[in-house]
Each structure stands twice: as structure tokens, then as C-alpha cells.
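Below is one structure; the comments refer to it alone.
The figures that follow rest on heavy atoms only: side chains count, while hydrogens, waters and symmetry mates do not.
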Amino acid sequence: MPLALLALAIGAFGIGTTEFVIMGLLPEVAADYDVTIPTAGFLVTGYALGVVLGAPLMTVLGTRVPRKRMLMLLMGLFIAGNVLSALAPAFGVMLAGRVVASLAHGAFFGIGSVVAAGLVAPEKKAGAIAMMFTGLTVANVVGVPLGTLVGQTAGWRLTFLVVAALGVLGLLGIAKLVPELPRPEGVRIRHELAAFRNVQVLLAMAMTVLGFGGVFAAITYITPMMTNVAGFADTSVTWLLVLFGLGMVAGNLIGGRFADRALMPMLYVSLGALAVVLAVFTLTAHTKAGAAVTVVLIGALGFATVPPLQKRVLDQAAGAPTLASAVNIGAFNLGNALAAWLGGLVIAAGLGWTAPNWVGAALAASALVLALVSGALERRTAGTHPAGVGGSDGSGGPAVAAPAAGAVPAHH
């Protein structure tokens with residue numbers, strides 16, 4: 001794997017840290033600005049919505065900019081947002097800083113996925129995407145717990161300054177290690193939008209919303225579930241989230257490895273197993289050991305879907321994948337917001353702290369149904385083409401010709 005992937009992973013580490021660390025610092029931020037914790041929760045919601053809106057917006061704005069330069073500009077935006085958050089004199093300014101930082105999120109992962117896939121041979125694309133996303137998963141194991149600790153002991157503003165410094169490190173790494181990539185010729189917004197007329201692209205994005213949404217239905221309410229049902233102390237929740245992060249790291253790497261060999265079977269297995277484990281979590285949440293093991297499995301199975309789903313979108317939108325890739329990152333955040341809302345509804349309805357697990361299981365099962373439909377459509381379409389036309393690369397996506405050495409597919 002080329003060193004350029006390390007620079008992308010560092011940027012992903014910073015982005016992952018700033019996205020999730022706020023959850024552990026809400027009480028401190030709320031106290032500092034004299035607002036309620038639910039009001040401070042807008043810092044989470046605002047970021048997620050910023051990703052959903054920013055992914056297509058920033059990608060469209062960057063269509064005429066060389067990819068390396070665009071990645072550097074996005075990291076600059078990320079740094080500015082975190083510095084603004086760290087220095088914000090009022091809550092509204094803090095919220096604005098969060099939104100500014102979030103605008104870089106989707107486009108960075110979307111364009112970064114395209115760059116990562118273009119740096120390696122076709123049969124290693126999902127592994128390269130997974131390598132970049134490793135930065136995001138490791139952030140949940142290292143960055144978020146350390147950022148929370150720094151924020152609780154030395155002040156939450158220092159946490160955001162440290163995250164901004166990580167952004168500077170990522171920016172320098174991209175400038176130094178990512179090769180100059182030619183700006184794709186002939187790419188027009190209309191061309192990029194055409195990818196959304198492909199039913200397979202839309203199915204992959206729907207799988208993203210529902211599949212990863214299933215994970216967040218449970219994990220959003222992990223603190224009250226673990227303290228009120230499993231009997232963990234409040235201080236133990238941080239370590240449970242570390243276990244969840246370790247599962248994410250393992251699942252991401254496994255998903256990347258197997259998606260390059262058999263993409264659709266990988267999705268069938270991971271989504272099906274995720275639905276089962278989320279349903280079982282309603283039982284295992286009542287014991288400490290059972291809950292801890294299940295949290296690891298949810299992280300692993302949930303993130304095992306990320307590289308194959310991202311590669312699926314890249315493959316199916318092969319003529320113009322940049323915008324579709326970025327929008328798919330927004331779909332992850334849309335799933336997070338939708339699942340958190342649905343999980344809150346069942347708790348508010350008096351169904352208990354473990355009720356969000358049933359919501360998550362239903363969402364993951366729905367994603368599995370869509371995956372089976374997608375696979376069936378693909379097989380039927382392949383059967384209508386003569387041999388050698390509309391073929392598959394063996395990974396569940398269409399065959400993609402190998403790029404010239406050092407080149408990136410023209411549409412990325």
C-alpha cells in the first residue's frame with residue numbers, strides 16, 4: 001500500500017475524532033455556555049446535517065480542481081472549523097465552527113476514496129479504501145477517549161485545538177505524500193448527476209443508510225443502556241466505546257479484504273449477522289460480559305459493510321463516481337441521524353432502554369433485503385448480455401479496466 005494512504009488515514013483520524021469526541025464533552029460545553037445538554041446536542045446534529053449537505057456541495061465545487069489540491073483545501077476548511085470551535089465566545093459561534101468543520105467531512109472521504117482506489121491495482125481497491133477508513137476507526141479507539149480525557153481535565157477547548165493540529169499534520173502529509181493527480185477531463189455536473197439514475201447506485205446508498213443506521217440505533221443510547229440495564233458504572237462507558245472502536249477497526253480491515261474477493265457475499269453475510277447480533281443484544285445487554293462481547297461484534301459487523309458499500313458505489317457509478325462516492329458518505333450520517341431519532345422514539349414510547357436494538361435489527365435486516373434485491377438484479381442483467389459484455393470483475397461490481405501505472409480512473 002502506498003504511503004499516500006497514510007496521509008489520507010491521518011486526515012480521516014482527525015475527522016473521526018472531531019465528529020465523535022463532542023459526545024463525551026457535551027456536559028462541559030453546556031456548562032461553559034450555560035445551555036442545557038439537549039441544546040448542546042445540536043452540536044452533534046448540526047455536524048451530521050453539515051456532512052449530509054456538505055458532501056455534494058463541496059464535491060460539486062471541487063469538480064474543476066485537481067484532487068490533491070481539493071483534499072488540501074478540505075483539510076484547511078477542517079482546521080478552520082476546529083479552531084473556530086476552540087475559540088468560540090458564544091454557543092452560536094461554536095455551532096458555526098462545527099458546521100464549517102463538517103462541510104469537509106463527506107467530500108474528504110468521497111474524494112479520498114477515489115484517490116485511494118486509484119493509487120492501487122484494481123483488485124486491491126477495497127483494501128486501499130479500508131486503509132484510509134482505518135484512520136476513522138482508530139479515532140474511536142484512541143482519538144475519542146484521549147480527546148474526552150483532555151477535555152475533561154484541561155478544558156474542552158484544548159481538545160479542539162489538538163484536533164486542529166491533527167488536521168495540520170494531515171494537510172502536510174497530503175502535500176508531501178499524495179502524488180499530483182490530473183484533473184479529470186470532460187467531467188461535468190450533469191455527468192456526475194447521471195450516476196443517480198442507476199438503480200444499483202441508489203440501492204447501494206439505501207443499504208448504507210439502513211445498514212450503518214442499524215449500528216447507530218443501538219450505539220447512540222449505549223450509555224443509558226449499559227448503566228441502567230447491564231449495571232455498568234458511568235466511568236465504564238468510555239471503555240465500552242473503546243471496545244466498540246476495536247471492533248470497528250477489525251471489521252473495517254476484514255471488510256476491505258473480503259470485498260476485493262467477493263463483494264456481494266460479504267455484504268450478505270455482514271448485514272445478516274449484524275441484524276441477528278442487534279436482535280440478540282436485547283438479551284445480552286442484561287449481563288456485563290454479554291454486553292461487552294456484543295458491543296465488539298456490533299462494531300465489527302457494522303464497519304465490515306463500509307468498504308464493500310463504498311466500493312459498490314464506486315463500481316456502479318464507474319462513469320462519474322466522485323459525487324456518488326461523497327454522497328454515500330453523507331448517507332452514513334443520514335442513517336446515523338435517522339436511527340438515533342427512531343431509537344429515541346421507542347424509548348420515549350416506554351418500550352425500554354433496549355428497544356433501540358430492535359430498531360437497529362430491523363434496519364439491518366431491511367438493508368440485507370435490498371442487498372439481495374441488488375444482487376438478483378445484477379445477475380438478471382448479466383444474463384441478458386452476451387458473453388464479454390457487461391461482465392463482472394468477480395467482486396459484485398462491473399469489470400473495471402486497470403488504470404495505467406500511477407494513474408487514477410478518468411472519472412475520479
Side-chain angles (χ1 to χ4, degrees), residues 2-19 46-87 96-119 129 132-133 135-136 139 160-185 187-189 191-192 310 314 320-330 333 408-412:
L3 273 177
L5 292 176
L6 177 61
L8 295 175
I10 292 171
F13 179 85
I15 290 173
T17 300
T18 205
E19 178 179 17
Y47 189 96
L49 293 177
V51 175
V52 174
L53 297 173
L57 175 64
M58 300 307 296
T59 304
V60 166
L61 291 176
T63 51
R64 298 184 179 277
V65 181
R67 292 197 181 94
K68 175 176 178 174
R69 187 182 305 167
M70 190 61 193
L71 287 171
M72 293 172 66
L73 289 172
L74 290 169
M75 287 311 299
L77 192 64
F78 171 79
I79 295 163
N82 280 285
V83 170
L84 182 60
S85 294
L87 304 179
R98 291 285 292 166
V99 172
V100 168
S102 73
L103 293 176
H105 183 127
F108 182 86
F109 281 109
I111 296 171
S113 293
V114 174
V115 171
L119 291 171
I129 294 170
M132 182 187 72
F133 274 93
L136 179 62
F160 286 97
L161 286 176
V162 171
V163 171
L166 286 172
V168 172
L169 191 61
L171 174 60
L172 294 175
I174 291 168
K176 181 74 174 176
L177 298 175
V178 174
E180 291 290 347
L181 303 169
R183 182 169 63 84
E185 296 297 328
V187 173
R188 299 290 183 270
I189 299 305
H191 187 213
E192 291 281 339
Q310 194 70 0
L314 290 179
T322 311
L323 182 59
S325 175
V327 170
N328 197 48
I329 299 299
N333 283 267
V408 179
H411 48 273
H412 270 317

Note to self: For Asn328, give me all partners under side chain to side chain donor-acceptor pair (under 3.5 Å), at least two apart in sequence or on another chain.
What the structure shows: Thr208, Gln310
Next item on the list: Taking all non-hydrogen atoms of both residues into account, name the closest pair between Ala107 and Ala326 and its distance.
Entry: CA-CB, 4.3 Å
Note to self: Just to verify, what does Ala104 make a side chain to side chain contact (heavy atoms under 4.5 Å, CB included) with, not counting sequence neighbours?
What the structure shows: Leu74, Leu77, Phe78
Margin query: Measuring from atom CE of Met58 to atom CG of Leu73, what distance do you get when rounded to the nearest 0.5 angstrom?
Written below: 8.0 Å
Note to self: Going by the rule side chain to side chain donor-acceptor pair (under 3.5 Å), which residues pair with Thr17 if we only count those two or more places apart in sequence or in a different chain?
What the structure shows: none
Next item on the list: Can you run down the side chain to side chain donor-acceptor pair (under 3.5 Å) pairs that involve residues 102-111, sequence neighbours left out, and say none if there aren't any?
Entry: Tyr47-His105
Donor-acceptor pairs under 3.5 angstrom involving side-chain atoms of residues 4-11: please list them, not counting sequence neighbours.
none

Next item on the list: State, to 0.1 Å, how close Pro56 and Val327 come at their nearest heavy-atom pair, and which atoms those are.
Entry: CB-CG2, 4.0 Å
Check: Which atom names give the shortest non-hydrogen contact between Phe160 and Ala86, and what distance separates them?
Finding: CB-CB, 3.8 Å
Check: Taking side chain as C-beta onward, heavy atoms only, is Met132 less than 4.5 Å from Val115?
Finding: no
Item checked: Pairs touching residues 68-81 that satisfy salt bridge (charged side-chain N to carboxylate O under 4.0 Å, His left out), sequence neighbours left out -> Lys68-Glu180
Margin query: Please report the interatomic distance CD1(Ile174) to CE(Met70), rounded to the nearest 0.5 Å.
Written below: 11.5 Å
Item checked: By side chain to side chain contact (heavy atoms under 4.5 Å, CB included) - contacts of Val162 (at least two apart) -> Leu158
Checklist line | Separation of Leu166 CG from Ile79 CD1 (nearest 0.5 Å) | finding: 10.0 Å
Notebook entry, point to check: What pair of heavy atoms forms the shortest contact from Ala117 to Leu314, and how long is it?
Noted result: CB-CD1, 4.2 Å
Check: Would a 4.5 Å heavy-atom cut-off, applied to side chains only, mark Leu136 and Phe109 as touching?
Finding: yes
Next item on the list: Just jot down the side chain to side chain contact (heavy atoms under 4.5 Å, CB included) partners of Leu172, sequence neighbours excluded, or say none.
Entry: Val168
Notebook entry, point to check: How long is the span from the CZ atom in Arg98 to the CG atom in Leu49, to the nearest 0.5 Å?
Noted result: 12.0 Å
